[in-house]
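Take a look at the structure set out below.
Atom set for the values below is all heavy atoms of this structure, side chains included, hydrogens, waters and symmetry mates excluded. In what follows, chains carry the letters A, B, and so on, assigned in the order in which the sequence lines appear, proteins first and then strands, with residues in each chain numbered from 1.
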Amino acid sequence: MPAGGTPADEAFVRFDGVTLDYTHDGRAVRAVEDVSLTVRRGEFVVIAGPSGCGKTTLLKTAAGLVRPTRGEVHVGATPVTGPLKIVGMAFQNPILLPWRRTLDNVLLPLEIVAPYRERYRRDHAVYAGRARELLAAVGLAGFEDRFPWQISGGQQQRASLCRALIHQPELLLLDEPFGALDAFTREDLWQVLQALWMERRFTVILVTHDLREAIFLADTVYVMSARPGRLVSRTPVDLPRPRTLEDSFSAAFTATYHAVRRLVGEGRA
Amino acid sequence: MRGLRGAVREWLPPAAVIVAALVAWEVGVRALRVPDYILPGPVATWQAIWQWHRAIWFNAAQTLYTTLVGFALALAGGMALGLAIGYSTLVYRALYPLLVAFNSVPKVAIVPVLVIWFGIGTVPAIATAFLISFFPIVVNVATGLATLEPEWQDVLRSLGASRWDIFRKIGIPRSLPYFFASMKVAVTLAFVGAVIAETVASNRGIGYLMLSASARFEVPLVFAGLVVVALMGVVLFAAFSIVERRLTGWAYRGQVGVGV
């Protein structure tokens, strides 16, 4: 159960027997095999697994960037056949546009997603205000007018988080967003993300190969096996929130860590 | 900010090289007693520039005019065709070999054809300037678009952006550095094209001036023409370099403040 236990016990995202093949050098390669799982509204789900296990591909099926070969993904009541406007996504690299200042990078989704795009010019001041609030929430107040190449990698990733959230998506998809950062910055951003999530209670699916990160952030950790990616386990994490870095060295945290770590080992065998 | 010392350090080496080259040229010509009708020295060339400055100015203005008109047409046409080609990978792949083939044709070989079509005068010079600078712009703009990072496209696609959105929001800004990089190369090419066309088929312009001077063995005047052509090329290149830095500074982030 998520802390507070407020969200209804309703399936918001549903993966039904998702299998994904792609062709490489003319041969069919199976990236993901028969993955079924449900995510409740407001739940923080982490999918962990070794590199190349197809977890990113799985996430892209929920984003509508990739169609499953077999099976279906539902978000809300709709089957995903293309990108949805209630979804925000952040990637392993921040991928900010270098010719836009930080504020304008964060505002980008509002220039694209309906209904914001129709009102973009008229309500620009409102949107800019919202972007500034969001930037301040992740510790980037005062950096709004910097270009991406004038801020650090960690700051870029913070801005990228803001960009994923600016259109107030109900579902946030995070593809190893902290993977390219140093350990200190990464742990900072865990707390930033947790704070944002506790305040706004969007639904999150985060993909990572870092188990400490998984357990720190998740309500539920799913472990995937090496390629072809299959779900090997589901572990609820019942640690109280907000979790602190100190908590990540507690006995309960460590016990969960070891339990999940063993499952990853079995998945590889 | 760079101070006076920075400016000196930046401008001193090229200035020193130019002065040294001029001195060596003059000394060499005098020591070896080379006659002016073979190779005039810098002093004789300068005297020719001074003596003929009205004619040079008149013809240089004509060359500048044909260059810039041809170049402007190439900019507009090259940007438009480049964007159209880059918009679709299929069109890009289909047209690219043809463009490279066109670009490989020596433009001087086309000038006689242009004379048949347009007669002698301003139009062949403009057309040659256009033809010679058009293809580099097309190829650069199209390449800028066709090599769009898939990750950037994913960011926009995950928001449900249409192809047109992607083209507007990242395609065009991304191709601008390529466009400006090709621009400063293309402007010197346009200049070369105009001078070539004037040499073959005109009664005005720096190219014509040099041709008629060499026909009269006025070699110092030929060299005066060459110097003016070189100076105009440098000025145009520098002008468009400044425009480029101003408009696509983000693409030069490693070297901000270096100047032209």
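- No other option in Gly88(A), Pro83(A), Ala164(A) has as many heavy-atom pairs under 4.5 Å with chain B as Pro83(A).
- Geometrically, Arg200(A) does not engage Trp197(A) in a cation-pi contact, judged by NZ or CZ lying under 6.0 Å from the ring centre and within 45° of the ring axis.
- Not a single side-chain hydrogen bond (donor to acceptor under 3.5 Å, both in side chains) links Glu133(A) to another residue, sequence neighbours left out.
- Contact between Tyr222(A) and Thr38(A) at its shortest, heavy atoms only, is OH-O, 3.6 Å.
- Contact annotation for Asp165(B): only side-chain heavy atoms (C-beta onward) come within less than 4.5 Å of a heavy atom of chain A.
- The residue among Arg174(B), Glu149(B), Arg157(B) with the most heavy atom pairs within less than 4.5 Å of chain A is Arg157(B).
- With chain B as the partner, the residue from Pro148(A), Pro109(A), Ala114(A) showing the most heavy-atom pairs under 4.5 Å is Pro109(A).
- Interface remark: Phe147(A) contributes no atoms to any contact with chain B (heavy atom separation under 4.5 Å).
- Heavy atoms only, all atoms of each residue included: Leu206(A) and Phe178(A) are closest at CD1-CE1, 4.4 Å.
- The shortest non-hydrogen separation linking Ala109(B) to Val113(B) is O-CG2, 4.3 Å.
- Under 4.0 Å is where a charged nitrogen must lie from a carboxylate oxygen, and between Arg100(A) and Glu111(A) at least one such pair does.
- Of all residues spanning residues 152-162 of chain A, none has a heavy atom less than 4.5 Å away from chain B's heavy atoms.
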Result block: side-chain N/O donor-acceptor pairs under 3.5 angstrom for residues 168-176 of chain A, not counting sequence neighbours:
{"unit_1": "Glu170(A)", "atom_1": "OE1", "unit_2": "Arg41(A)", "atom_2": "NH1", "d": "2.9"}
{"unit_1": "Asp175(A)", "atom_1": "OD1", "unit_2": "Thr56(A)", "atom_2": "OG1", "d": "2.9"}
{"unit_1": "Glu176(A)", "atom_1": "OE1", "unit_2": "His209(A)", "atom_2": "ND1", "d": "3.3"}

Got a list of side-chain donor-acceptor pairs under 3.5 Å for residues 61-81 of chain B, not counting sequence neighbours?
{"unit_1": "Gln62(B)", "atom_1": "NE2", "unit_2": "Thr122(B)", "atom_2": "OG1", "d": "3.3"}
{"unit_1": "Thr63(B)", "atom_1": "OG1", "unit_2": "Asn59(B)", "atom_2": "O", "d": "3.1"}
{"unit_1": "Thr63(B)", "atom_1": "OG1", "unit_2": "Glu198(B)", "atom_2": "OE1", "d": "3.0"}
{"unit_1": "Thr63(B)", "atom_1": "OG1", "unit_2": "Glu198(B)", "atom_2": "OE2", "d": "2.9"}
{"unit_1": "Thr63(B)", "atom_1": "OG1", "unit_2": "Ile206(B)", "atom_2": "N", "d": "2.7"}
{"unit_1": "Thr66(B)", "atom_1": "OG1", "unit_2": "Gln62(B)", "atom_2": "O", "d": "3.3"}
{"unit_1": "Thr66(B)", "atom_1": "OG1", "unit_2": "Thr63(B)", "atom_2": "O", "d": "3.0"}
{"unit_1": "Thr67(B)", "atom_1": "OG1", "unit_2": "Thr63(B)", "atom_2": "O", "d": "2.7"}

